[in-house]
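Sequence positions, counted from 1, serve as the residue numbers for this chain. These figures come from a predicted structure and were not determined experimentally.
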Amino acid sequence: MAIDTAQDTTVRVNDFAIKLANVNGTGSASANSLLMQAIFRMGIPVSGKNLFPSNIQGLPTWYEIRVNKSGYTARALDYDLMVAMNSATYEEDIKDVRSGGYVLYDSSWPLDEHLLRPDVTFLGVPLARMCIENFAAPRERILMKNVAYAGAVVALVGIDIELVSDLLSETFARNELLRESNQNALRLGYNYAKENFECPLPFRVEPMDATKNSILIDGNTAAALGCLYAGATVSGWYPITPATAVMDNFTRLCAQFRREPVENPAPGELPYKNNYLIIQAEDEIAAIGMVLGASWNGARAFTSTSGPGISLMNELLGLAYYTEIPAVLIDVQRTGPSTGMPTRTQQSDILLCAYASHGDTKHILLFPANPRECFEFAVQCFDIAERFQTPVFMLSDLDIGMNDWVVPELTWDDSYVPDRGRVLNDVDLAGMAEFFRYTDEDSEFVTPRTLPGSDSKGAYFIRGSGHDKFGVYTEDSEKYQEVVDRLKKKHAASATHVPAPVVERHDGATVGIITLGGCDLAVREAIDQLADGGLVADFMRVRGFPFVPEVRQFVEEHDYCFVVEQNRDAQLRSLICIETGVAIEKMRPLLAYGGFPLSARQVVDGVTSQLENKQ
């Protein structure tokens, strides 16, 4: 049944947004992801954002799909089609539909008249009734309802039904009963839509060739793969949303690629030998301790966590900084403070990580913008950590980590050699009269280290208390300052080793927009929209800290810069001001910290409103 109130008949190909509203715990995620995967396989730029609650079952959850032939795939805020499957959120979901858009709902029950909008077309499909008539088990009916509405969407927007059918066959290749049930449900929804509505709708998909050399991958999987390729063999961790999948994937990858077969194993002995060690610790404090112990022993070790975990790790991070032990931390940021909203995204750990621990500490940070950079930056983190003998943080976030992104295929150079930094071997030690851990600094203020098992000449005592350059306990002011001043210089020297900022300049620009991480796509789209409106802006995405001189230069060469970030307190803006000395008045904060991925509209509205207020 279609309630035709107002139809937009303008045909738009590969340029629309769908929002699917469900109840958490009903199994809708796989059906929603099925739609995105199908559009991707049709060669069309697409994004999917899963907006879900932190409880296991019962609260509202949404999935947003944006299709855009020009590659603008940041979050959309206007929806052409709302798939309204949660009666508790009908009212707010229907409000989100743009004028001239459509609402697909379950017409097994009548829709309250007060929900109808004269500028929106309502498409009723008796999903529950169809599933009751075609499936026997209660849980099966709930699950198949999701696939049925996906089938209706396939018909409504013109997705290749055979392609979707193939995806289902791949997913349930080992379970014939599930495969048949899903295929049946898909056809139920598809056929009903084809028989009762004009399909496809005015907005629709048509095959392209824009994803030919791309893949669908989430940031947590990509980060785990990067750790594997970097040569990481040890990890200590404690489960936390949204970072748990990093270690889940690393464990799976190690089991596949880091095992050696054992010939003729004894009775009860495993037929393989693990060349890795993954320990789920009792808490985050123990986890980082395990990582530091393994790194001190020469392994490439890391942990994955989120803001609350970083808070707990602070004391041992100070130890690692002061005693110069390499470590890699993957921080998949979520909304804080305290427990906050565990399944919402934010960029609120910037200052926490930059200065983690008490006293004067400074850490190296890398800011990936997408899963491909999660893969690449993870490898760089290990090289930088060992080169500079210090903790290195990769700050991802929930949006990057837990959502599938379309990114260029991951590439790898088989000639890669890990940068282990200044590690002395027995030959080196034999040529030395005496070894002291914190002497003989190089041009980047890094001193050589030794690993356990080296010649006894390389032994040294490590301490987190005051020590001089010989590693000897001291409370002498000058000797103490000599060590911590070198650490400051070492941190500054690492600036040329972190990923350089991405800078794009445009003729006539007098203002700049600075951002980082997952804000990238929304800011780029906003800059194009602002240019269409007559405001030309330059672009800079910061990808690492400490900052290279180009960061200060970019700010100073503009009348002012907008700093776009996802936290309340303008942390990137503050860090740039503190570390470069640039006038904070030259940078205007543009903040979005409600927990959802950034949209171009938020950036455009923020820029234009600030400009209007100035006038």
Measure from the side-chain N and O atoms of [X] to the backbone N and O of [Y], and report whether any donor-acceptor pair falls under 3.5 Å.
| X | Y | answer |
| --- | --- | --- |
| Asp349 | Cys353 | no |
| Lys145 | Cys131 | no |
| Glu64 | Lys19 | no |
| Asp455 | Gly458 | no |
| Thr61 | Asn24 | no |
| Thr303 | Gly236 | yes |
| Ser28 | Val23 | no |
| Arg543 | Ala500 | yes |
| Ser295 | Pro326 | yes |
| Ser181 | Leu177 | yes |

Do you see a donor-acceptor pair shorter than 3.5 Å between the side chains of [X] and [Y]?
| X | Y | result |
| --- | --- | --- |
| Gln566 | Ser348 | no |
| Thr447 | Arg437 | yes |
| Glu444 | His497 | yes |
| Ser169 | Gln183 | yes |
| Tyr229 | Asp413 | no |
| Gln333 | Asp331 | no |

Which heavy-atom pair separates [X] from [Y] by the least distance, and what is that distance?
| X | Y | answer |
| --- | --- | --- |
| Gly219 | Pro371 | N-CG, 3.5 Å |
| Phe367 | Gly544 | CD1-N, 3.7 Å |
| Arg334 | Thr339 | NH2-O, 3.2 Å |
| Leu292 | Leu316 | CD1-O, 3.4 Å |
| Pro408 | Ile215 | O-CG1, 4.2 Å |
| Ser454 | Thr450 | OG-CB, 4.4 Å |

Within the supplied structure, the quantity of interest is the number of heavy atoms (other residues, nucleotides, ligands) at a distance under 6.0 Å from [X] [atom1]; does it exceed 12?
| X | atom1 | answer |
| --- | --- | --- |
| Glu269 | CD | yes |
| Phe382 | CZ | yes |
| Gln280 | CD | yes |

Find out whether [X] and [Y] are in side-chain contact, i.e. whether some heavy atom of one side chain is under 4.5 Å from a heavy atom of the other.
| X | Y | answer |
| --- | --- | --- |
| Leu228 | Phe375 | no |
| Val234 | Arg300 | no |
| Leu516 | Phe545 | no |
| Leu277 | Thr233 | no |
| Cys381 | Val328 | yes |
| Leu365 | Met394 | no |
| Pro261 | Tyr272 | no |
| Thr211 | Met42 | no |

Hey, could you give me the [atom1]/[atom2] distance between [X] and [Y], rounded to the nearest 0.5 Å?
| X | Y | atom1 | atom2 | value |
| --- | --- | --- | --- | --- |
| Leu178 | Leu143 | CG | CG | 8.5 Å |
| Cys374 | Leu225 | SG | CG | 11.5 Å |
| Leu319 | Tyr322 | CG | OH | 11.0 Å |
| Asn220 | Thr244 | CG | OG1 | 8.5 Å |
| Phe377 | Ser396 | CZ | OG | 11.0 Å |
| Ile44 | Ile39 | CD1 | CD1 | 6.5 Å |

Assess whether a salt bridge exists between [X] and [Y], defined as any Lys/Arg side-chain N lying under 4.0 Å from an Asp/Glu carboxylate O.
| X | Y | value |
| --- | --- | --- |
| Glu324 | Arg387 | no |
| Asp399 | Lys49 | yes |
| Glu162 | Arg187 | yes |
| Asp248 | Arg252 | no |
| Arg66 | Glu525 | yes |
| Arg372 | Glu409 | no |
| Arg449 | Glu386 | yes |

Exercise for the section: Give the C-alpha distance, both sets of side-chain angles, the deciding distance and a yes or no for side-chain hydrogen bond (donor to acceptor under 3.5 Å, both in side chains) between Asn403 and Tyr63. Expected result: CA-CA 10 Å; Asn403 286 319; Tyr63 190 82; over 6 Å; no
With a cut-off of under 6.0 Å to the ring centre and 45° to the axis, is [X] in cation-pi contact with [Y]?
| X | Y | answer |
| --- | --- | --- |
| Arg75 | Phe596 | yes |
| Arg258 | Tyr276 | no |
| Arg141 | Phe135 | no |

Handout entry: Full working for side-chain hydrogen bond (donor to acceptor under 3.5 Å, both in side chains) between Asn14 and Glu206
Key = CA-CA 7 Å; Asn14 296 337; Glu206 290 182 3; 5.9 Å; no
Practice task
Could you point out which residue of Asn32, Leu35, Leu20 forms a side-chain contact (heavy atoms from CB on, under 4.5 Å) with Val83?
Solution key: Leu20
Exercise for the section: Could you walk me through whether Val392 and Leu329 pass the side-chain contact (heavy atoms from CB on, under 4.5 Å) test, one step at a time? Expected result: CA-CA 6 Å; Val392 174; Leu329 296 92; over 6 Å; no
Handout entry: Phe40 and Val406: CA distance, side-chain angles, deciding distance, side-chain contact (heavy atoms from CB on, under 4.5 Å) verdict
Key = CA-CA 8 Å; Phe40 169 76; Val406 178; 3.7 Å; yes
Exercise for the section: Quick one: do Tyr355 and Asn314 satisfy side-chain hydrogen bond (donor to acceptor under 3.5 Å, both in side chains)? Show the steps, please. Expected result: CA-CA 9 Å; Tyr355 303 117; Asn314 262 240; over 6 Å; no
